[in-house]
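Report on the following structure.
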Amino acid sequence: MESPLPVRHGVNATRLRLPADGPWQTILEYVLERFGHVDPEGIVSRFARGEVRGVGGTVIDAGTPLGEHAFLWYYRELPQEQPIPFQLQLLHRDEHLIVVDKPHFLPTTPGGRYLAESALIRLRRALDLPELVPIHRLDRMTAGVLLFAANPETRGKYQLLFERRQVHKQYEAIAPVRSDLGLPLTIATRMQKSRDYLLSRHLPGAPNTRTGIELVQRWASSGPGAEAEPGAELGLYRLTPYTGKTHQLRLHMAFLGLGIRNDPFYPVLLDESPDDYNRPLQLLARSLEFRDPISGREVQFRSGLKLMEQPELSKSPEPSADQQPPAALPAQST
């Protein structure tokens, strides 16, 4: 259902389903009873300014009777957010695609306490692209290559690539080294993520997830948070997800006793605490490859980022010919 209100400050209007009847005489009375504990003056002001709309853009004012509309749209007031002090890097831009390097701690889309401080809203503002939408998502704590659709007429072609698993993804992670696993290997398990449970978990039954795991570098563990066991090592792992369940890579690594460094969820759920920008989750979406549905060419986009705990053991790979040099985007748009 199309919103009658345009994107404002990079943020879509919010839709609310209304009851057909009830003890309220007007729509405003219903909204105040449901949300008045949050900001009653702000709610009344939105109705007075004509910023609450029904299907087709009809203005809903303070006197509009309940039952006259099934839905309404309104703008959320932008909260004061603590800026996340990391920039998006622009890797590629054309009329169809925007590709960026997303930093750790920045969510892909608005949610919870993050609204303007999300990759989507930052990009809409910085590039003046109000119809920009993400083609896929990365966890807030995961950094790396992230794709957005710039053209509503062609976005479905790119979304279909992900739905059909025609995109080859590679991640990198830093975790302890175990000598008894026989790497490289492919792990396949059954996972579930429920709406009322914070974490994904393994279940008995036929596998619905599959990940390839390869150890590509190793070094002596040292510094803050180092393994207590003498002679312990850390390693850089290449992870290839063949499926795309929530937290799949993090859970698979923890399942093998290779919990990713600085992971607050797996293998042990830690108490919620403020973000420590000096200890990001050591997980990076390194690259995406696919056949472009518009040009028909094979394309590859690679992250220019480096995991914080990775030592200088080898030079970073050169960008592909399809990838433009990264350009910094504003850390916080105004």
Side-chain angles (χ1 to χ4, degrees), residues 82-89 101-108 111-114 117-119 137-146 169-178 181 183 187 191 193 197-202 211 213-241 245-287 303-313 316 331:
Q82 182 69 30
I84 295 172
F86 303 107
Q87 293 183 332
L88 288 159
Q89 299 289 328
D101 247 347
K102 185 189 82 66
H104 296 285
F105 302 104
L106 187 71
T108 298
R113 65 183 185 272
Y114 303 100
E117 284 299 288
S118 63
R137 285 170 171 76
L138 293 178
D139 288 344
R140 187 175 78 87
M141 304 305 290
T142 304
V145 179
L146 184 59
K169 308 174 187 177
Q170 282 200 342
Y171 287 71
E172 291 175 0
I174 292 176
V177 171
R178 287 183 54 183
L181 291 178
L183 299 176
I187 178 173
M191 287 175 50
K193 174 67 168 70
Y197 186 69
L198 178 62
L199 306 181
S200 293
R201 52 189 170 184
H202 285 119
T211 301
I213 301 175
E214 177 185 1
L215 178 63
V216 294
Q217 291 180 359
R218 57 198 296 171
W219 59 90
S221 175
S222 62
E227 310 305 315
E229 183 179 340
E233 291 182 300
L234 290 176
L236 176 69
Y237 292 85
R238 181 178 296 121
L239 310 179
T240 304
K245 294 288 186 181
T246 300
H247 294 175
Q248 174 180 319
L249 302 181
R250 297 162 69 176
L251 188 56
H252 275 169
M253 290 290 282
F255 183 79
L256 294 173
L258 304 174
I260 297 174
R261 296 276 283 181
N262 306 331
D263 191 336
F265 285 7
Y266 309 98
V268 177
L269 177 62
L270 304 180
D271 291 337
E272 187 174 4
S273 61
D275 290 335
D276 183 348
Y277 295 139
N278 292 314
R279 291 178 57 81
L281 175 70
Q282 295 298 279
L283 179 62
L284 174 67
R286 173 57 73 192
S287 67
S303 172
L305 300 175
K306 176 179 176 290
L307 291 170
M308 181 180 290
E309 297 191 23
Q310 181 183 355
E312 295 290 346
L313 298 181
S316 298

Taking the side chain as every heavy atom from C-beta outward, state whether [X] and [Y] have any atom pair closer than 4.5 Å.
X      : Y      : value
Thr142 : Leu284 : no
Leu258 : Leu181 : yes
Met253 : Leu239 : yes
Ser200 : Tyr266 : yes
Met191 : His202 : yes
Glu172 : Leu236 : yes
Leu283 : Tyr237 : no
Leu88  : Pro103 : yes

Result of checking Ile174, Leu307, Asp263 against Leu281 for side chain to side chain contact (heavy atoms under 4.5 Å, CB included):
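Of Ile174, Leu307, Asp263, side chain to side chain contact (heavy atoms under 4.5 Å, CB included) with Leu281 is met by Asp263 alone.
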What heavy-atom pair brings [X] and [Y] nearest, and what distance separates the two atoms?
X      : Y      : value
Leu138 : Gly144 : CD1-O, 3.7 Å
Ile213 : Leu183 : O-CD2, 4.0 Å
Lys102 : Leu305 : O-CD1, 3.7 Å
Lys169 : Thr240 : O-CG2, 3.7 Å
Pro176 : Gly259 : CD-O, 3.3 Å

Can you measure from [atom1] ([X]) to [atom2] ([Y]) and round to the nearest 0.5 angstrom?
X      : Y      : atom1 : atom2 : result
Lys193 : Lys245 : NZ    : NZ    : 12.0 Å
Thr211 : Phe255 : OG1   : CZ    : 12.0 Å
Gln217 : Glu233 : CD    : CD    : 12.5 Å
Gln310 : Arg261 : CD    : CZ    : 13.5 Å
Leu199 : Thr246 : CG    : OG1   : 11.5 Å
Tyr171 : Arg250 : OH    : CZ    : 11.5 Å

Okay, side chain of [X], backbone of [Y]: is any donor-acceptor separation there less than 3.5 Å?
X      : Y      : value
Asn262 : Gln282 : no
Arg140 : Phe105 : yes
Arg286 : Ser303 : yes
Asp101 : Gln89  : no
Tyr277 : Phe86  : no
Glu117 : Ile84  : yes

